[in-house]
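Every chain is numbered from 1 and lettered A, B, ... according to where its sequence line falls, protein lines coming before strand lines.
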2 protein chains.
Amino acid sequence: MLEYSVLLLLRRQPCYANDIIKQLKEADLIVVEGTLYPLLTRLKKDGLLSYEWRESIQGPPRKYYALTNDGTVALKAMDDTWTSLVRTVEVLKLVHS
Amino acid sequence: MLEYSVLLLLRRQPCYANDIIKQLKEADLIVVEGTLYPLLTRLKKDGLLSYEWRESIQGPPRKYYALTNDGTVALKAMDDTWTSLVRTVEVLKLVHS
DNA sequence: CTATAATACCTTGCAATACATAGTACCTAA
DNA sequence: TTAGGTACTATGTATTGCAAGGTATTATAG
């Protein structure tokens, strides 16, 4: 689900790690560095994300991650998976109430 | 989410492992023995489930698991957590579309 | 010029979860 | 008494998330 959330975020525009953490927090999802960095590295390794270095106004340069074509395809698949999971829970709620 | 699903199932009536696997499959959730048994043991250990042995028509006796009071309380909390997660994803979908 | 603080990225170790696989125990029927 | 089906259990592995600590770059204060 976190992977899915990150891809959703990056659909709009490239972001770097702290951007992502901040935006997830705005959606009530608390994620820390130790979780996000390995996740971004993994998604990059799997070809779903790419990154480019951009200089910062203040501080060291940042890795701005963006969706690749494969990432867009994977995101569509996750859309279906997520929808299916939500539906599963709905069914369980209804049938066993 | 699987934990949540199992508690939802057991809300209606006590079930044993194969019952649960079958009913989850009917809701399009594939779970295998190696996953479910440790999960049931854990929920029992945490006091969310109790079980009683019942004889079977054919084969060895079965452990029928049921929600405890603590389990019912935990289920309510999971309801909120799940609703929150679903809402989070909805927000991410809308804001970043 | 150096030291400090802030920012950004990365690594390591641990715990929890899910799976594959194999194993044990019980019951019925041939 | 043995074979097969059912039910429960145990072990090892991969993945995921977190805590904690570490490295590198930049700006600012002394």
Side-chain angles (χ1 to χ4, degrees), chain A residues 1-7 9-10 14-25 27-66 74 77-78 81-82 84-85 88-89, chain B residues 1-7 9-10 14-25 27-66 74 77-78 81-82 84-85 88-89:
Chain A
M1 180 221 163
L2 180 55
E3 211 170 274
Y4 180 38
S5 297
V6 169
L7 293 188
L9 269 182
L10 295 175
C15 295
Y16 76 108
N18 281 11
D19 266 351
I20 295 171
I21 290 175
K22 183 180 171 189
Q23 291 182 42
L24 289 178
K25 188 176 292 179
D28 287 321
L29 200 58
I30 306 301
V31 180
V32 296
E33 287 188 336
T35 301
L36 187 59
Y37 279 109
L39 187 149
L40 291 173
T41 302
R42 176 162 27 100
L43 292 175
K44 167 67 169 62
K45 183 187 166 197
D46 293 344
L48 307 190
L49 295 181
S50 61
Y51 68 74
E52 61 173 19
W53 288 98
R54 291 191 199 171
E55 291 190 355
S56 166
I57 307 296
Q58 207 166 18
R62 302 163 173 173
K63 271 189 181 177
Y64 276 79
Y65 284 89
M78 289 184 198
T81 300
W82 179 255
S84 173
L85 287 180
T88 291
V89 170
Chain B
M1 180 224 164
L2 180 56
E3 217 169 85
Y4 179 38
S5 298
V6 169
L7 292 188
L9 269 182
L10 295 176
C15 296
Y16 77 108
N18 281 10
D19 266 352
I20 296 173
I21 290 175
K22 184 180 171 188
Q23 291 182 43
L24 289 178
K25 188 176 290 180
D28 287 321
L29 201 56
I30 306 301
V31 180
V32 296
E33 285 189 335
T35 301
L36 186 60
Y37 279 108
L39 188 150
L40 291 173
T41 302
R42 188 169 68 243
L43 291 176
K44 168 67 168 62
K45 183 187 166 195
D46 293 345
L48 306 189
L49 295 182
S50 61
Y51 68 74
E52 60 173 16
W53 287 99
R54 293 191 198 169
E55 292 189 355
S56 165
I57 308 296
Q58 205 167 23
R62 302 163 173 173
K63 275 187 181 176
Y64 276 79
Y65 285 90
M78 289 184 197
T81 301
W82 178 254
S84 173
L85 287 180
T88 291
V89 170

Side chain to side chain contact (heavy atoms under 4.5 Å, CB included) assessment of B:V6 paired with B:V31: CA-CA 11 Å; B:V6 169; B:V31 180; over 6 Å; no

Side chain to side chain contact (heavy atoms under 4.5 Å, CB included) assessment of A:L2 paired with A:L24: CA-CA 9 Å; A:L2 180 55; A:L24 289 178; 3.9 Å; yes

Ring pair (Phe, Tyr, Trp, His ring centres under 6.0 Å) assessment of B:Y51 paired with B:Y65: CA-CA 4 Å; B:Y51 68 74; B:Y65 285 90; 5.4 Å; yes

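Spacing between atom CD of A:E3 and atom C1' of D:dG17 amounts to 12 Å, rounded to whole angstrom units. Look at NZ on A:K45: it is 15 Å from P on C:dC10, rounded to the nearest Å. At whole-Å resolution of the value, CD1 in A:I30 and C1' in D:dC18 are 13 Å apart. Taking atom CD1 on B:I21 and atom C1' on C:dA18, their separation rounds to 13 Å, with Å as the unit. Between the CE atom of A:M1 and the C1' atom of C:dA18 there is a distance of 19 Å, rounded to whole Å. Rounded to an integer number of Å, the gap from A:L24 CG to D:dG17 P is 12 Å. Rounded to whole Å, atom P of D:dC8 lies 9 Å from atom CD1 of B:I20. A:L29 places its CG atom 9 Å from the P atom of D:dC18, with the value rounded to the nearest Å.
OP1 or OP2 of C:dA8 lies within a sub-4.0 Å distance of a side-chain N or O belonging to A:Y16.
At a threshold of 4.0 Å, the pair B:E3-B:R42 counts as salt-bridged, since one of the basic side-chain nitrogens sits closer than that to a carboxylate oxygen. No salt bridge links A:E55 with A:R62; every basic N to acidic carboxylate O contact stays at or beyond 4.0 Å.
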Nucleotides 25-30 of chain C: protein proximity per nucleotide (B base, S sugar-phosphate only, - neither; heavy atom, under 4.0 Å): -BS---

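Across C:dC19, D:dG17, D:dC8, the shortest atom-to-atom separation from the side chain of B:V31 is found for C:dC19.
Rounding to the nearest 0.5 Å gives a distance of 6.0 Å between OH of A:Y64 and CZ of A:R54.
Between B:S56 and B:G59, the shortest heavy-atom distance links the atoms CB-O, 3.9 Å.
Residues B:C15 and B:L9 form no side-chain contact, since every pair of their non-hydrogen atoms from C-beta on lies 4.5 Å or further apart. B:D28 has its side chain out of reach of A:L85: every pair of non-hydrogen atoms, C-beta onward, lies at least 4.5 Å apart.
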Atom pairs under 3.5 Å: protein N/O with N/O of nucleotides 9-15 of chain D:
| from | atom 1 | to | atom 2 | distance (Å) |
| --- | --- | --- | --- | --- |
| D:dT9 | OP1 | B:K63 | NZ | 2.6 |
| D:dT9 | OP2 | B:K63 | NZ | 3.3 |

